[in-house]
Each structure stands twice: as C-alpha cells, then as structure tokens.
Amino acid sequence: MKRWPLKIIPLILIGVIVFAPLTAALSITEGSANFLKKFGDSSGQIRTLSLTIIALAEASGRVNEDLTPKVREFTRELISYQNPDGGWGYFPGSVSNVLDTSYALIALSKAEKFFEGTDDLFKVDDARKKGVKFLVSSKTGNTWGYIPNSTPMFYPTVLALWALGENGHNSSSPVVSSAVSSLPELPRYIDDYTALGLRLIAFKAVGEPVDKSEVKELIEILNGDDLSPAQRALLTYALTLYSEPTFEVVATIARLDQIKHTGANMVFWADTPKYPISVTDTVTPTAYALLAVSELVPPIREVTINPNEMPCDQLISYQNPDGGWGIYRGSPSNEKATYYALIAIEACYPAPDIVEKALNWTEERLKEDERVVLNEGRLTVGYYYALMTLLHFNRLNESEREHAIEVIKSVKMDTGKWGVENLGPQPAETAMALSALMALGINRSDPDVIAAKKWLLSISSTGWGLYYQSGLYPFMLEVNVLDTLTVLKALEPIATRPELEAHLKWLISQRVDGGWPYMKEHTNINGTKIEGRPRVDLTVEATLLLMHYGFDYTQQTLDFVKKARDSGLIANDTLETAFAVIYLSSFNKMPMVDLSDVRNALETSTFNVVCPEDRISDAKDVINYLRETFGYRFDLGPLSLMEEGNSIVLAGFDDVNVSRYNRYIVLDISGNEIGLKNSTYPRQDTVLLIPGRTAKGVMLFVLYDEDSSEIAKLVFKIGYVKYMQGPAVVVHYEDRNGDGKIELNEVTAETVG
C-alpha cells in the first residue's frame, strides 16, 4: 500500500480554529491536548507525530479526559511506519534516519505503559527494541550524523542521547558518556536556543549533571522577547525539568500563555514560516508547551490517598431533615446517635449549619425526654444523651444545669442508685446518672457519687449487665461490653486502677476478631451458641478506655476500623460510622485538604472571593485575574460568606482562624514573625496560601498585611494558583536590587509541609 508523504492541511485551518467560538475559559492542558488529539498527525511527519504522542502521554492524568485511546491510536500508527531496518524516516516510507528514529523511540518509551494488559504490548516493546538497535548501530565514532555512518552533527546526536536516556541508558553507559563528551565539538546547524533546550532535555534524560548557571541563563533568555513560539515552548519545557513551580518559572508559562491561539475548545501555538519553509508548524510548539505545563500541573486523578480517610461525608449524609441522626440511615432521629454524630463532625471540618440544626432538634428533645423521665421515674438513654450533647456544646446556662441535677436526683431509687421499676437499680442507669451529674459539676464528695461508686464496684468483678435482685440472692444477667464500658467510663475519674483491674481484664477477654462485640458469645432461641460480631463503636470505646490503663490495642483497632470502613460493613450505621471518624481523626496526619484540591476546584467550580471592606479593591483585581484564567465563575462577597461554598479568602493574618478549617495548620503570629509548620518567616512582604475545607466546599486563604497587597495580587496575575500544590505555600518578596519594585526574580514560593 502506498503511503502518502504528506497530509496537506491548508493554512486557513488556523483561521478556522481561531475564529471558532470558545465555549468557556480553557486551560492550556485541556486546550492543547484537544488540539493535538485532532491535528497531531496532520503533517505526516514522523517527528511531529512522535512529539504528539510524547506530549499526550505526559499530559495523561492532568486533563479531565482519558487520553489512553488517542495515545494508543497514534502509537499504532507510528509503529506501522517503522522500516524493516528498525528505524523511521522523515515521512512514512522514507529512508531511516537518526533524528526521526530518536523522536519515535522517545514516543514509544512514553507510550508503552498505556498498552499494559493489552495484546499490543509486545508489539510496542518489540518496535522500541528494534529502534534502539538501529540507533546504536548508526553511530559514526562516538556520535551520530543524520543517517548511519554520516558526518556527526549536534542535532542528531543530542536527540539520540534523549532517546537513549528514555530507553534505559544513563550517563555511565559508554555509548552515552562518549557522546556527551564529544557533543560540544559538533557542528550545530540549528539555532542556539533550540540547541540549548534540547541539550538540557537530553542531559536530564540520561542523568548528566547541568550547571546551575545554565538554568539561570535559561530564565534570562525566556524573559526576553527574541524567541519564536517553538523556541519559547521548548525552552520552557527544559526549564520545568530543572525547577519547581517558582514564581519565575510560572511567569515563563504565563508568557507562553500570552502568545497562544484559542478557539473551538482548542489551544495551540504557531511558528511563522521562514524561507525556505512555507508550512506553518503548529504541532511542535504546541507539543512542547503541553509538556511544559504538564510538568507543573498537579495530576487531576493522582490524589494522595489518605489511608486514614474519615467517612465524614457519609456521616453527614445520614442526617435527617429534622436535624437529628437515627441509629441507622433513614431511621427516626435518636439522641445517642445524634450525640456521637456531632462529636465526630467536630473532627471533620466546620459544619455550623449542620451542627446548629442538630442542636435545635436536641433542645426540643430534651424537653420531651425530661417529661418521660419524670413520668416514668427513671433516667432514660434519650434524656442522658440529649443532656450530654447540650453540655458538650455549652447550650445550658447555670440555672438549666441546676435544674438538670434536680431532675436526675429526683428519679433515683436510693442514694447513688438509679434503675427501672420492677427490676430495681441498674448498673447502666446508675453509671449514666453518675456521668451526667459529674458533667453538670457535682463534686466527687457528693453522697450520690460516693454511693454510686461503692454500689457499682460491689455487685460484680467481671463486667456489668442487667442486674436482678430477688431476696438475698442478687445476680447479673447478660453481662455485656456496652454496659461494662458505660460503667467503666463513669468510674474512670473516681476509681483507682486496682479497683477496676478485674473488670478491665474481663473486658480484654471479650475481644473477638480484632474488636469488641456486644457479647462475645450468646445463645439463640434454638440453643445454639453464636459468636458476636465486633462493632466499631464498642471497639473504639474499649480501645480508648484501655489505653488509659496501659493496655495498647491502638494499631489492631486502627486496622479493624479501616477494614470495616473499606468493606462497607458500617455503611448506613450512624454509630459505627461516627466512631470510625472519631478514631481515625486521631491518626489523620495527612492534610484534610491540599492546595491541589483547591486548584482542581478552580478549574471547574464557582467561587466567592471574600474579604473585609478594606480589601475590596484587592478582591476586584483578583477576580479579574481569575476570570481571565478560569472563566466567569467568581463573585465578590463579604467575609461572612466564607463558609458558603467554595471561597477565596483575602484577609489579614489575624482576621481569620485558619485552624478551624484546616486542623493541621497552626499559625503563630508573634511581632514581626510568622510561625508555621515549625518554621519561622518574616511577616513583612510575606503572603501565605493555605487550603481549608468546610462541609460546603474548599477554601483558599490568602493571608497578608495591607502593604503586601501587590505581592498577593501577583499570585493571581501570573496564574500561580494553577500550579500550586502541597499543604501550604509561603510567598515572600525580597527587594534584592533595592529599587523598590516587585520583580518576579525577587519573589519566592516555598511549599511548607
């Protein structure tokens, strides 16, 4: 079959794309990937097809669409053009040469992972190995010419080095080291800018060290105007290989962004033809631009997985319309479930509306529960947990607390004893009364406290359950983990370890399969003994209590809780989900939110830019920059809106408490210094970028003093927020040349944590 050497694409194509409507603000990654998917193989040249594969492979995971199908399609096309000798030519069917073979080999090395698990993996690997063999055999001495055994040149040699580096060779390999040492002596016949960029890229691929002065030289060149789009894109990509996304590096991307063409949801760059070339090259600069941005943009799908992730969103989704939580999702609201759900949500993130709604429900329930307590003459579980909820959230005044004490004491059966009519005093009810009274402020010397402790310790030495006394012979029925934990928690502040030792040992003996069930073993109606299922709530309660006495089941319980979370075993169970959150929160050493989470939301979601009145001018400028970068999804609002959805908060260091929205960030503002993550920074000319989260969205805190507003706005002006990542960033300006002007090379961005 005849292969056509060139697919003719009319130059009018550029005009068609540029003037086509653009539906929304489009990132470089998304737009240039769209362009290369459509036109990456349009020139018919092996090198541009290869560059397209390289760029799309590197952009994978950094755009919303799965690029795998297109990478595979272009790679199969590239393999079909391989010559029998293992090399590739300028066009399909052309004589094999070093340059195009090198480009093809780089592409195959990047594309091979996309074929894992497919029948074509062997074809890709075989084509790559044949190509490497051709390349190595094509040397002329230590270096390469354009075709095998021709006069050595810089361009084919530097590309061969890049290709060998991507295919497993490094600077210690003889074939590489000899070429590297000979490279400076070779005639170039390409411009100095392209030569510099390719050499830096090739050296990175083979692991050859580069002097820092060359990277500085690269930045200086990119700060100039004497560059074509292809040169600028190539040099920018080279720079990103040697530098983190500092302000200077991001500024080079911003300059690249200024010369792009957009339209029809595509972004591309175009080199103006120079004699004797008459065809505009759009693929080469676009591919290198996409490579540059892909090096800086955090992967969209590559989110750090927190092994101790808390199921906060699931728990919140279980809340009933009335504000409470049921024992199970969808069941009627229950005081105990609501209490533990609220304790767990405190460990998640600020959710004031959710908490307030639940507290309002609880306040109403307390009134009804009190009527039940007084009518039935017993302390109910509902009253106890409604009371403890309102105490925890400080919703009872002094007179209400005194009234609660009167209510509890009014239903006791005897001094220090609470229970149920016809059954008599009960360990669980007595323990709840004891806990509630002490939470209300009753002194441990109170007669009821002393009597309750004495009675509880006297009736059992192996846990507690349903207590029944008939005449002179009392006995305990169904000794269980729940009642035992209830009593042990009540006695913890007033009993010694020796007094509780036997009960603690009994509790330990009830452990089954890594956790604690309600009962280790019980008998069903048929007389069959059944082992109890360990529950997360009981396991966490037992672990935390035993830890207080030196029995350490921390890791075993962590494994148990994570397994229960991941298996779906606790799905729809409010208590187990809440206790999973409570326990996992103590191990959550990873941030609840990262700057890359905010960056990803900026690409797709609406945001409020909120600030105090004295920063409205700054906010308006920031909104303009954001709209230029991400589109018209940003609105101005007061600081009071910061918890209403996604928000960017422009504020002073003392205006907001960031720890409320990110528990891993604690700011220490002392005089002229800022303490953050065990490091100290000067307050003057410093801007902090800190992520946060609420139940309604993510937040970006931009904290600075008023005289640092230009630095803060620069963060958005150059598009730095598109590339930010990490737990937090400290942006600092230092007037090195003393001219009082903020220049990009005087601004640093340090990722903290």
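In this text, all values refer to a predicted model and were calculated from it rather than measured experimentally.
Contact check on D192 versus R188 returns a salt bridge, with a Lys/Arg side-chain nitrogen under 4.0 Å from an Asp/Glu carboxylate oxygen. The pair E116-K113 does not count as a salt bridge, with every side-chain nitrogen at least 4.0 angstrom from each carboxylate oxygen. E603 has no carboxylate O lying under 4.0 Å from a charged side-chain N of K722, or vice versa, which leaves the two without a salt bridge. Between D125 and K130 there is no salt bridge, since no side-chain N of the basic residue sits under 4.0 Å from a carboxylate O of the acidic one. A salt bridge between K70 and E65 is absent, with no side-chain N of the basic residue lying under 4.0 Å from a carboxylate O of the acidic one. A salt bridge does not link K123 with D126: every distance from a Lys NZ or Arg NE/NH1/NH2 to an Asp or Glu carboxylate oxygen is 4.0 Å or more.
Not counting sequence neighbours, F134 has no partner by the ring pair (Phe, Tyr, Trp, His ring centres under 6.0 Å) test. Listed by chain and number, the residues in a salt bridge (Lys or Arg N to Asp or Glu O under 4.0 Å) with D119 amount to none (sequence neighbours excluded).
Ring centroids of F716 and Y625 are separated by 6.0 Å or more, keeping the two rings apart. Between F247 and Y720, the ring center distance clears the sub-6.0 Å criterion.
Geometrically, R627 does not engage Y632 in a cation-pi contact, judged by NZ or CZ lying under 6.0 Å from the ring centre and within 45° of the ring axis. Cation-pi check for K204 over Y242 is met; the charged atom lies under 6.0 angstrom from the ring centroid and within 45 degrees of its normal. Geometrically, K260 does not engage W269 in a cation-pi contact, judged by NZ or CZ lying under 6.0 Å from the ring centre and within 45° of the ring axis.
Listed for the N149 side chain is no donor-acceptor partner under 3.5 Å among the backbone atoms of T140.
Residues D597 and N600 have side chains that never bring a donor and an acceptor to within less than 3.5 angstrom of each other. When only modelled atom types and interatomic distance are considered, T48 and S43 share a side-chain donor-acceptor pair under 3.5 Å. Judged purely by distance below 3.5 Å, without hydrogens or angles, the side chains of T284 and D281 pair a donor atom with an acceptor atom.
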